[in-house]
Amino acid sequence: MLPIDAAAHSSRWRRRHPVDKAVLGLGLTVLAISLPPWPGAALVLVTALAVLLGPAGVPGRRLWLAYRVPLGFCVTGALPLLVRVSGPDGFVGVADGGALRAGELLLRTSAASLGVLLFAFTTPMSDLLPRLVRAGVPAPVVDVALVTYRMSFLLLDSVRRIRDAQAARLGHTTRAARWRSLAGLGATAFVRAFDRATRLQAGLAGRGYDGTLRVLVPEARVSVRFTAVSVALLAALAALTFVLERPLS
């Protein structure tokens with residue numbers, strides 16, 4: 001199980017309905033994208049951090065390990081705005097206003113990423129996917145997503161076991177050995193993935209699979225109070241943004 005999935009299953013909000021958490025987490029993401037970067041996205045970023053580390057109870061180290069990946073993409077996407085290609089002063093130079101635009105983009109994307117992580121850290125996929133059928137998503141699409149979700153963990157576990165076996169046999173001692181081990185890892189994981197898929201298909205056929213995977217979904221009700229507080233928080237952030245709005249420069 002991935003760390004973010006383990007955190008979602010042990011979250012304080014684990015038993016809440018996904019709609020409750022979607023209103024808050026995805027609502028923060030929408031605000032980060034739609035409000036002015038300053039102070040809107042900055043307020044969203046601080047609020048999302050406070051909720052994640054406070055009421056949601058996400059450990060700071062685990063949050064950083066998950067956040068650093070999208071944050072790296074955010075920084076990478078903002079850096080090109082600092083330079084311009086071609087112009088009277090040379091082929092490559094510093095873009096006029098590039099720092100401002102890069103800062104605004106970085107604020108938006110990093111705040112939006114935290115909103116998505118808030119939903120991910122509190123909502124296991126096993127709770128979300130089966131409920132998508134009730135939301136109008138075709139059942140075959142949800143079934144494929146469920147099987148892919150399950151198979152991804154099995155594949156990751158197989159890769160880990162193969163790597164451990166290779167390391168125990170001194171398969172990573174030299175560069176040549178590491179390349180051979182990597183090739184063997186890819187080949188073995190490929191074969192095991194097809195083998196597991198074949199066994200899964202045979203198992204489903206033996207259980208009378210009729211095109212729909214039926215799974216038990218934990219009982220949960222949409223909390224009117226939680227949703228109302230979330231909407232009020234989002235509205236307060238939007239109002240505060242327009243009150244405090246000032247140019248970033």
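The basis for the numbers below is simple: all heavy atoms, side chains too, and nothing from hydrogens, waters or symmetry mates.
The side chain to side chain contact (heavy atoms under 4.5 Å, CB included) with Phe119 is formed by just one residue from the set Val23, Leu28, Leu128; it is Leu128.
Using the six-membered ring where Trp is involved, Phe190 and Phe194 have ring planes that are tilted, between 30° and 60° apart.
In the hydrophobic clustering of ILVMFWY residues, with side-chain heavy atoms under 4.5 Å counting as a link, Leu79 and Leu105 come out apart. A single hydrophobic cluster is seen to contain both Leu45 and Val243, as judged by linkage of ILVMFWY side chains at heavy-atom distances under 4.5 Å, directly or through other members. In the hydrophobic cluster analysis, where Ile, Leu, Val, Met, Phe, Trp and Tyr join through side-chain heavy atoms closer than 4.5 angstrom, Leu53 is grouped together with Leu71. Note: the hydrophobic cluster containing Phe226 also contains Leu237 (ILVMFWY, side chain heavy atoms under 4.5 Å, direct or indirect links). If you chain together hydrophobic residues whose side chains sit under 4.5 Å apart, Val229 and Val51 never meet in one group.
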Inset, instruction - Verify side-chain contact (heavy atoms from CB on, under 4.5 Å) between Leu81 and Glu104, making sure each step is shown before the conclusion. - result: CA-CA 10 Å; Leu81 297 178; Glu104 290 177 344; over 6 Å; no
Inset, instruction - Would you check, one step at a time, whether the test side-chain contact (heavy atoms from CB on, under 4.5 Å) holds for Leu63 with Leu49? - result: CA-CA 9 Å; Leu63 174 61; Leu49 273 177; 3.9 Å; yes
Legend entry - Derivation and outcome, side-chain contact (heavy atoms from CB on, under 4.5 Å), residues Phe121 and Leu114: CA-CA 10 Å; Phe121 264 107; Leu114 279 177; over 6 Å; no
Inset, instruction - Could you go through the side-chain contact (heavy atoms from CB on, under 4.5 Å) check for Tyr67 and Ser113 one step at a time? - result: CA-CA 8 Å; Tyr67 184 48; Ser113 299; 4.0 Å; yes
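By the neighbour-count criterion of 12 heavy atoms within 6.0 Å, atom CZ of Arg61 is sparsely surrounded, having that number or fewer from other residues, nucleotides or ligands. Other residues, nucleotides and ligands place no more than 12 heavy atoms under 6.0 Å from the CZ atom of Arg161. Within a 6.0 Å sphere centred on CZ of Arg221, heavy atoms belonging to other residues, nucleotides or ligands number 12 at most.
When all heavy atoms of Leu31 and Ala238 are compared, the closest pair comes out as CD2-CB, 4.5 Å. Closest approach of Lys21 to Thr122, counting heavy atoms only: NZ-O, 2.7 Å. The two residues Ala32 and Arg108 come nearest to each other via the heavy atoms O-NH1, 3.3 Å. Closest approach of Gly25 to Leu118, counting heavy atoms only: CA-CD2, 3.9 Å. Between Gly72 and Thr76, the shortest heavy-atom distance links the atoms O-OG1, 2.7 Å. When all heavy atoms of Leu24 and Leu234 are compared, the pair lying nearest together is O-CD2, 4.3 Å.
The distance from atom CZ of Arg199 to atom CZ of Arg192, rounded to the nearest 0.5 Å, is 9.5 Å. Between Leu35 atom CG and Leu43 atom CG the span is 8.5 Å, to the nearest 0.5 Å. Remark: Thr29 OG1 to Leu117 CG distance equals 8.5 Å, nearest 0.5 Å. Separating the OG1 atom in Thr173 from the CZ atom in Arg178 is a distance of 8.0 Å, to the nearest 0.5 Å.
Side-chain atoms of Thr188 do not come within 3.5 Å of backbone N or O of Leu185 as any donor-acceptor pair. Remark: side-chain polar atoms of Thr227 are not paired, donor with acceptor, to backbone N or O of Asp20 under 3.5 angstrom.
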Distance-only criterion, 3.5 Å: show the donor-acceptor pairs between side-chain atoms of residues 12-19 and protein atoms not counting sequence neighbours.
{"residue": "Arg12", "atom": "NH1", "partner": "Gly54", "partner atom": "O", "Å": "2.9"}
{"residue": "Arg14", "atom": "NH1", "partner": "Asp127", "partner atom": "OD1", "Å": "3.4"}
{"residue": "Arg14", "atom": "NH1", "partner": "Asp127", "partner atom": "OD2", "Å": "2.5"}
{"residue": "His17", "atom": "ND1", "partner": "Val19", "partner atom": "N", "Å": "3.1"}

